[in-house]
Asker: 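Sharing a structure, written as structure tokens. Questions coming.
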Amino acid sequence: MDIRGQDFFTLQDFSFEEIHYMLDIASDLKKMYLRGESSEILNGKTLAMIFEKSSTRTRVSFEVAMRQLGGYALFLGAKDLQLGRGETIPDTARTLARYVDGIMARVYSHEDLLDLADFSQVPVINGLSDLFHPCQILADLLTIKEKRKNFENLKISYVGDGNNVCNSLLIGCSKLGINISVGCPENYEPLEDVIDLAKDNARIFDSEVQIVHDPQDAVLDADVVYTDTFISMGQEAEAEERMEVFPPFQVNQELLNNALINVIVMHCLPAHRGQEITDEVIDGPNSVVWDQAENRLHAQKAILTLLL
Ligand code: CP
Ligand code: NVA
């Protein structure tokens, strides 16, 4: 399976087999790393990392992944580049492509990623846009696979805002035939186009994609309960109105009581403790959030290895 040179905008661009292949490579690289074996597979390769927004996990895991695979990563804050003074995205892309082997970018507008890719000959990786967060979801699928051994007959429930993480979870789950139920307030649903894509994907496996407005319905008998912030980066101006609508969608012990007893609780992080999730739950026995964060490193090693 050869996906070398491809961009990584959304998991929708990859087949069932390709996603499984990425997960297998991620598992293998993780096992090698845990055995203390090093791989220099990206020796001589450089990744440019453009950040328009803050990041802890994405920045550090990409940088460490490149380093551990023998390559090099450059952190480029968008404001520090000439981009911040008005140089265009096409000109930035044309320039960077002359120096580096791949570009990872965290942007506000998904369109900007597409522009970066249109004007550079190197793979462009989505490190989070307003629409999608595919690197996160690949790591999440790896985590679910480790905890549950396979994806058969699973129900994942996402509770909260129908945002970039939710969009990508819908795509990732439906591509692999995992049942997914989203519980979100009215007017905060995931994108209509994404729901349609997910339903089309799910039809192939006869799996379910459900969007409901009652969090208890969403988590009923769920194997996995997933949440994310109620206020994504760039939505700070909506904080007040969102905080009126979202509290019933908090993942707390009472809500979890509706899920399966061995439910695993996931959060892409950063968490806003006391808002979308309680301390009791995120620090509790069902939470796998730190394993999930760790898997960003291993999943991204697979992405980098396969694309670069
Ligand atoms: N989950 C995630 O992408 O975290 P960061 O914003 O810290 O990169
Ligand atoms: N939905 C969040 C994810 C952060 C990793 C945001 O876009 O801010």
Side-chain angles (χ1 to χ4, degrees), residues 8-11 26 47-66 73-78 103-113 125-144 158-172 182-185 188-191 194 224-239 242-243 245-246 249-251 265-273 275-277 282 287-304:
F8 194 79
F9 298 136
T10 159
L11 289 173
L47 178 75
M49 308 192 298
I50 302 177
F51 282 92
E52 287 184 355
K53 303 175 185 169
S54 306
S55 170
T56 299
R57 281 142 288 267
T58 305
R59 175 181 174 175
V60 177
S61 55
F62 265 106
E63 191 162 335
V64 172
M66 284 302 289
L74 275 165
F75 172 80
L76 305 168
I103 300 172
M104 190 280 290
R106 168 166 286 195
V107 294
Y108 284 97
S109 160
H110 192 77
E111 286 295 314
D112 288 352
L113 278 179
I125 300 170
N126 183 356
L128 180 133
S129 68
D130 53 349
L131 297 189
F132 296 114
H133 199 1
C135 297
Q136 177 69 52
I137 301 310
L138 194 67
D140 300 340
L141 291 169
L142 178 64
T143 311
I144 294 166
Y158 174 94
V159 181
D161 184 26
N163 61 17
N164 40 15
V165 169
C166 178
N167 285 337
S168 277
L169 197 63
L170 275 164
I171 297 295
V182 173
C184 57
Y188 293 95
E189 293 86 1
L191 280 185
V194 172
V224 179
V225 171
Y226 195 125
T227 190
D228 181 21
T229 181
F230 295 152
I231 304 157
S232 285
M233 290 180 277
Q235 296 174 335
E236 290 76 8
E238 298 171 27
R242 283 174 173 264
M243 289 322 295
V245 176
F246 277 97
F249 291 81
Q250 182 186 68
V251 174
V265 175
M266 303 183 77
H267 191 311
C268 60
L269 304 175
H272 304 79
R273 290 164 175 261
Q275 290 186 16
E276 73 272 8
I277 194 161
I282 197 169
S287 169
V288 298
V289 301
W290 311 116
D291 295 337
Q292 195 186 346
E294 179 193 334
N295 278 338
R296 295 293 305 276
L297 174 68
H298 308 296
Q300 281 152 205
K301 278 186 178 172
I303 296 169
L304 291 164

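When a ligand or atom number is given, it counts from 1 through the structure's own listing order.
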Asker: Check if Lys53 has a non-hydrogen atom at a distance under 4.0 Å from any atom of ligand 1.
Answerer: no

Asker: Report the nearest protein non-hydrogen atom to atom 4 (O) of ligand 1: residue, atom name, distance rounded to 0.1 Å.
Answerer: Arg57 NE, 2.9 Å

Asker: Please confirm whether Met233 comes within less than 3.5 Å of ligand 1 when only nitrogen or oxygen atoms on both sides are compared.
Answerer: no

Asker: Is it the case that more than 12 heavy atoms not belonging to Glu238 sit under 6.0 Å from its CD atom?
Answerer: yes

Asker: For ligand 2, is there an atom lying under 4.0 Å from some heavy atom of Leu269?
Answerer: yes

Asker: Taking 4.0 angstrom as the limit and counting only heavy atoms of Arg296, give me the atoms of ligand 1 inside it, by number and element.
Answerer: 1 (N), 2 (C), 3 (O)

Asker: Does an N or O from Lys53, backbone or side chain, lie closer than 3.5 Å to an N or O of ligand 2?
Answerer: no

Asker: Could you walk me through whether Asp228 and Cys166 pass the side-chain contact (heavy atoms from CB on, under 4.5 Å) check?
Answerer: CA-CA 8 Å; Asp228 181 21; Cys166 178; over 6 Å; no

Asker: With a 4.0 Å cut-off on heavy atoms, does Leu269 reach ligand 1?
Answerer: yes

Asker: Atom 4 (C) of ligand 2: which protein heavy atom is closest, and how many Å away?
Answerer: Leu128 CD1, 3.8 Å

Asker: Is the His110 ring parallel, tilted or perpendicular to the Phe132 ring (thresholds 30°, 60°)?
Answerer: perpendicular

Asker: List the steps and the verdict of side-chain hydrogen bond (donor to acceptor under 3.5 Å, both in side chains) for Asn167 and Tyr158.
Answerer: CA-CA 10 Å; Asn167 285 337; Tyr158 174 94; over 6 Å; no

Asker: With the side chain counted from C-beta on, respond yes when Leu269 and Thr56 share a heavy-atom pair under 4.5 Å apart, and no when they do not.
Answerer: no

Asker: Which heavy atom of Lys301 sits nearest a heavy atom of Ala65, and at what distance?
Answerer: CG-CB, 3.7 Å

Asker: Just need the protein heavy atom nearest to atom 8 (O) of ligand 2, so name the residue and atom and give the distance.
Answerer: Met233 N, 2.8 Å

Asker: Would you confirm whether the ring centroid of Phe51 sits within less than 6.0 angstrom of the ring centroid of Phe75?
Answerer: yes

Asker: Nearest 0.5 angstrom please: Ile50 CD1 to Met104 CE, how far?
Answerer: 9.0 Å

Asker: Around atom 7 (O) of ligand 2, find the nearest protein heavy atom and jot down its residue, atom name and distance.
Answerer: Asn164 ND2, 2.8 Å

Asker: Please could you name the atoms of ligand 1 that Arg106 approaches to less than 4.0 Å, counting only its heavy atoms?
Answerer: 2 (C), 3 (O), 5 (P), 6 (O), 8 (O)

Asker: Purely on distance, is any nitrogen or oxygen of Arg59 under 3.5 Å from one on ligand 1?
Answerer: no

Asker: I want to confirm something. Looking only at heavy atoms, which of Val165, Val289, Thr56 is nearest to atom 7 (O) of ligand 1?
Answerer: Thr56

Asker: Within 45° of the ring axis of Tyr188 and under 6.0 Å from its six-membered ring centre, is that where the NZ or CZ of Arg242 lies?
Answerer: no

Asker: Any N or O on His133 sitting closer than 3.5 Å to an N or O of ligand 2?
Answerer: no

Asker: Identify the residue among Arg57, Arg296, Gln300 that makes a side chain to side chain donor-acceptor pair (under 3.5 Å) with Gln136.
Answerer: Arg296

Asker: Can an N or O of Asn163 be found at a distance shorter than 3.5 Å from an N or O of ligand 2?
Answerer: yes

